[in-house]
Amino acid sequence: MATTPNKPATGKSSQKGFVYLPLIAGWLVPGAGHFLVGKWVRGLLLAASIIAMFALGLAMQGKLYTSTQDILDMLCVAGDLGSGLLYFVGRMLGLGPDPVQTTLADYGTKFIVVAGLLNVIAAVDAHNLRTGRKS
Amino acid sequence: MFRPSHFASVILFALFASTVFGITMRDTPRGMVRYGIYCFVLFVGSAIVLSWVMFLIAR
């Protein structure tokens, strides 16, 4: 059976400008990629979810990973970096420096890592909206 | 310091993750809401089921 190949949409969002801008903006600031492609409600919901998850992780005394000596720590640093500016601002303010000592702090650490991973998904979604792969 | 219970942590995690999954994995608003609810139920449901399994194993 013949299938129709996926064609990019030909809306105005897929015609001009730097195509990776929503991807980069969405990574740096949660929801910003969706704002750039005019998806305000989606952007607000994504920003609220990701920023709240990151902030609650810190409030639960979660750790912001800095060490890259252990392979598992490297993966967690990669996850944390997904939060973009939130991670760098947190590091500059000296947040999340303590080693994890309680169960709740471990949950908080996972909240922070997962917030970064979710932000990467959101940024890729903004890129797909920009290229017309998704509507 | 924010000190939610373990179950409240599960609810918060499921809520935020499901919101992002719903928005990014579906195209229509209706599909987003349905998929978000589906993910939320799976997150919380699997946490409850696994908790009972571990409780029964530990007895």
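In what follows, chains carry the letters A, B, and so on, assigned in the order in which the sequence lines appear, proteins first and then strands, with residues in each chain numbered from 1.
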Q | Region of B:Pro4 that comes under 4.5 Å of a non-hydrogen atom in chain A | A | both
Q: Give a yes or no on whether B:Leu12 and A:Ile50 share a hydrophobic cluster (residues Ile, Leu, Val, Met, Phe, Trp, Tyr; joining criterion: side-chain heavy atoms under 4.5 Å apart).
A: yes
Q. A:Leu36 and A:Leu28: same hydrophobic cluster, using ILVMFWY side-chain contacts below 4.5 Å?
A. yes
Q: Kindly indicate, with the supporting measurements, whether the criterion side-chain contact (heavy atoms from CB on, under 4.5 Å) is fulfilled by B:Phe21 and A:Leu118.
A: CA-CA 8 Å; B:Phe21 282 176; A:Leu118 291 175; 3.7 Å; yes
Q) Linking I/L/V/M/F/W/Y whenever their side-chain heavy atoms sit closer than 4.5 Å, directly or via other members, would A:Phe35 and A:Val29 fall into one cluster? A) no
Q: For each of A:Met53, A:Lys39, A:Lys110, A:His34, tally heavy-atom pairs with chain B at distances under 4.5 Å, and name the one with the top tally.
A: A:Met53
Q: Hey, could you give me the CZ/NZ distance between B:Arg26 and A:Lys134, rounded to the nearest 0.5 Å?
A: 9.5 Å
Q: Report the C-alpha separation of A:Leu104 and B:Phe2 in whole Å, then their side-chain angles, then the decisive distance to 0.1 Å, and conclude whether the side-chain contact (heavy atoms from CB on, under 4.5 Å) test is met.
A: CA-CA 9 Å; A:Leu104 205 56; B:Phe2 180 58; over 6 Å; no
Q. When you look at B:Phe16 and A:Leu56, which way does the side-chain contact (heavy atoms from CB on, under 4.5 Å) test go after all the steps?
A. CA-CA 11 Å; B:Phe16 298 138; A:Leu56 287 179; 3.6 Å; yes
Q.
Under 4.5 Å from any heavy atom of chain B, what part of A:Thr102 do you find: side chain, backbone, both or neither?
A. neither
(Q) For a quick test of reading the model, state the closest non-hydrogen atom pair linking A:Met60 to B:Ser9 and the distance between them. (A) CE-OG, 3.9 Å
Q.
Among A:Val41, A:Leu45, A:Ile121, which residue satisfies the side chain to side chain contact (heavy atoms under 4.5 Å, CB included) criterion with B:Ile23?
A. A:Leu45
Q: Is it possible for you to say whether B:Leu50 and B:Phe43 belong to one hydrophobic cluster, with membership spreading through side-chain heavy-atom contacts below 4.5 Å?
A: no
Q. What pair of heavy atoms forms the shortest contact from A:Ser49 to B:Val20, and how long is it?
A. CB-CG2, 4.1 Å
Q: Name the region of A:Leu117, side chain, backbone, both or neither, that has any atom closer than 4.5 Å to a heavy atom of chain B.
A: neither
Q.
Let me check something: do A:Trp27 and A:Leu46 share a hydrophobic cluster, defined by ILVMFWY side-chain heavy atoms less than 4.5 Å apart, either directly or through other members?
A. no
Q | Residues B:Thr24, A:Arg42; criterion side-chain contact (heavy atoms from CB on, under 4.5 Å); working and verdict | A | CA-CA 9 Å; B:Thr24 56; A:Arg42 295 185 201 182; over 6 Å; no
Q. Is the count of non-hydrogen atoms from other residues, nucleotides or ligands lying under 6.0 Å from A:Phe88 atom CZ greater than 12?
A. yes
Q) With a 4.5 angstrom heavy-atom cut-off, which part of B:Met25 approaches chain A: side chain, backbone, both or neither? A) both
